[in-house]
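In this text, all values refer to a predicted model and were calculated from it rather than measured experimentally. Order of the sequence lines sets the chain letters (A, B, ...), proteins ahead of strands, with each chain counted from 1. Below, all heavy atoms of this structure are taken into account, side chains as well, without hydrogens, waters or symmetry copies.
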Amino acid sequence: MRVMLPDGSFKEFETEVNGLEVAKTISTSLSKAAVAVRVNGELRDLSDPVPDNAEVAILTSNDDDGLDIMRHTIAAQVLARAIKNLYPSARLAIGPTIKDGFYYDIAFEENISLDDLEKIEKEMHRIIKEGHKIEKKVYNRADAISLFKDRGEDYKVKIIEDTPNSDAFQIYHQGETSFIDLCRGPHLPSLGKIGAFKLTKVAGAYWRGNSQNEMLTRIYGTAWRTQEDLDKYLHQIEEAEKRDHRKIGKEMDLFHLQEEAQGSVFWHPHGFTIYRELESYIREKIYADGYVEVKTPQLMHSKFWEASGHWDKYRENMFVVPDVVPNIELNGPVFKEEPKEFMALKPMNCPAHVQIFKHGIKSYRDLPIRMAEMGCCHRNEAHGALHGLMRVRQMTQDDAHIFCREDQIGEEVKRFVALFKDVYNDFGFTNIKLLLATRPDKRAGTDETWDKAEKAMADALNDLGMDFEYAPGEGAFYGPKYEFHLVDSIGRTWQCGTCQLDFVLPERLDASYMGADGGRYRPVMIHRAVFGSFERFIGLLIESTAGIFPFWLSPTQLVISGVTEANNPTAEALVKKFKAEGIRVEFDGRNEKISYKVREHMNAKVTYVGIIGNKEQENGTITVRRLGVNEQETYTVDEFLTKMKEEIKTRALPPTPKDSE
RNA sequence: GCUGCCGUAGCUCAGUGGUAGAGCACUCCCUUGGUAAGGGAGAGGUCGGAAGUUCAAGCCUUCUCGGCAGCACCA
């Protein structure tokens, strides 16, 4: 028999071989470093026999797949066994790998807290030191079930029982120990090849991801090839946490949240400056792109939401208000009578926009109508879902609904993606994940319509050269959608922009236009938002910039101070001059040293600190230091003003810092 | 909503049963200093809330509210 290696060469063998034996014929060092093998594109254990004529690649922990296998082994063999040793009554569920690490879901009888992780880690190190071989055995269904049943591992039993059409279950053993684990593998051949790891957090997770099921304890860990890699990763996380928008929001005095208004933002002057700039920015963009802007009611009667379908499908996420005059008797009930009529705060703007569309008769010639609203929406989000600016209960969307004919969908979708690309470019966002969410099982509309819609959306992205992934079955029931995700400081992704085709709402709310033939037709609605919500977008902007905003968005663009009190009048006059030119500038005349003031303003993320000393006073210049660049530069007053105005006009991104810490 | 952890001064945090602390910020005084903390003094907290145990509770118990991480949810 023979196998093909990644370089295209062949190895001949007399008898059947496994991956390890193939590795040995290549080099001794490779066979020692080998963690698993890829056979015809599939990951397998080194001990698995290799079929004739297979393509074979030996993996080490230097390969991404190899590293992933190592993480898997740490979870399923080391962590799981440590848990069973320390907590014999614990039952194991599943232990997969994730980005940068792994987790294991376990049913404990006792409470596991962060403090227990140290003890578990210690046991893990002890187990690794034993260096047992990891061996795989295959059992038939009945044997596999009885094996785990005897040990009370009912989650493993459930997993086997719910795996149909299989009578071969892989169970990994560890040397002479009694530890076993059901696993699809592959695993390292022995515990001797494990790199550096650390258990990071403990949290709850529902069995099989279903909130109807019991909650298990999930232990997270991270693992790397070497201690050095691990340290680097942990350091990165630490650095990233400094960019947390909640922390920077406090430091820059941008906003706050308080418990009487959970999930609703108190925007402070600095934060609202950013908000306002973004608002006028996006207005400028969409006006140039042919949108019209409207404003619709906050509070509408339940009948309205019944018609739109929200009352049935979305009510648990709505704030409902009884339409009754409240009672003001001392110590009396809030309402004297049981409320019969209800209003609700709008969770979305779309149904209201349809009402505007329906006023007057629309012709096919009127379409498309691109109807925008900076719409303030309230959603009754679960308490546990709230997260700083990222997930709030009151948000303002840069929302719009495009009413168009079916033949205009492709063009309109493309137009939106182009707008989106343009905007995200302006903010320097590069790490954008784009998903095309396709038809879910439960859906409205014919397959023909879905085919057309999905194709139009995919074509638009291809035409624009945008990379995207499909999210099968994740579309809205009324149509496919794009989801634009951004990544926060610690790697969580948040959906910002979206673009959704909707064939259903115009039908439900009976919107129509008159075609060229005089017949009545349903418009298609495209729901779309570029920022998503101002709140979330600003949160992500804070984290991506670490508070070093582009000049045009900077809440305080410049602080000017004299070197001594004698220079202050000149400094103050300059502040007045710049302020009159629209620069957000402040005067700092406090009795402190320059270095102190510089430090303070840099910490507060002021873009420029400008200093006026005797030299500047004589020459009509200003010496500035820019946040993130940290070098002194001297300009004439007019030069500096021109420079600032130019940066605002072009909405320039901040210069990249030269000295990286 | 669920699981776990946390809640002390404006901020960051120390304080495990015996008279509430530190640094920064704030106010005042000295200092007039050329680019990331000059010096001194002062003011500031019913320790998230309620109930309980105790001679005594920031600390122990129960309930409750909030925050954090993850899960579920995210039209």
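- Between the P atom of C5(B) and the CG atom of D115(A) lies a distance of 9 Å, rounded to the nearest Å.
- Phosphate proximity of C11(B) to R246(A): absent, as no side-chain N or O sits under 4.0 Å from OP1 or OP2.
- Within 6.0 Å of the NZ atom in K303(A), the count of heavy atoms belonging to other residues, nucleotides or ligands does not exceed 12.
- Nearest to the side chain of I611(A), among U35(B), G67(B), G1(B), sits U35(B).
- Residue N603(A) places its side chain closer to A36(B) than to any other of U12(B), C5(B), A36(B).
- Closest approach to the R599(A) side chain among G70(B), A37(B), G34(B) is made by A37(B) (side chain taken as heavy atoms from C-beta onward).
- Side-chain atoms of E616(A) and base atoms of G34(B) include a donor and an acceptor less than 3.5 Å apart.
- Among the atoms of the strands shown, none is found under 4.0 Å from any heavy atom of N317(A).
- Along RNA chain B, the nucleotide nearest to Y478(A) and the one nearest to N111(A) differ in position, and the one closer to the 5' end is contacted by N111(A).
- For Y220(A) and G70(B), the OH to P distance is 7 Å, given to the nearest whole Å.
- Separating the CD atom of Q632(A) from the P atom of U35(B) is a distance of 6 Å, rounded to the nearest angstrom.
- Atom CD of E214(A) sits in a crowded spot, with more than 12 heavy atoms from other residues, nucleotides or ligands closer than 6.0 Å.
- Note on Y596(A): a side-chain N or O is less than 4.0 Å away from OP1 or OP2 of A25(B).
- Using cut-offs of 30° and 60° on the angle between ring planes, the pair F266(A) and H256(A) is parallel.
- Ion pair E507(A)/R522(A) flagged as a salt bridge, since at least one NZ, NE, NH1 or NH2 atom sits closer than 4.0 Å to an Asp/Glu carboxylate oxygen.
- Using a 4.0 Å heavy-atom distance criterion, T564(A) is classed as a base contact.
- Residue Q258(A) places its CD atom among more than 12 non-hydrogen atoms of other residues, nucleotides or ligands, all under 6.0 Å distant.
- In this structure, the nucleotide among G66(B), G38(B), G70(B) sitting nearest to the side chain of Q262(A) is G66(B).
- Taking the side chain of M215(A) as heavy atoms from C-beta on, and the options C71(B), U35(B), A25(B), the nearest nucleotide is C71(B).
- Interface remark: the Y206(A) side chain does not form any donor-acceptor pair with the G70(B) base, using a distance-only criterion of under 3.5 Å.
- OP1 or OP2 of A69(B) has at least one side-chain nitrogen or oxygen of H387(A) nearer than 4.0 Å.
- At a cut-off of 3.5 angstrom, counting only N and O atoms as typed in the model, there is a donor on one side and an acceptor on the other between the side-chain of R391(A) and the base of C73(B).
- Residue whose closest nucleotide on RNA chain B sits further toward the 5' end, between I112(A) and R590(A): I112(A).
- In this model, the phosphate group of U3(B) is not approached by any side-chain N or O of R218(A) to a distance below 4.0 Å at OP1 or OP2.
- G23(B) is paired with C11(B) under the criterion used here, namely a Watson-Crick or G-U wobble arrangement in which both key atom distances are under 3.5 Å.
- The side chain of K201(A) lies closest to A69(B) when the candidates are U35(B), U12(B), A69(B).
- Closest to the side chain of R492(A), from the set G34(B), A36(B), G70(B), is G70(B).
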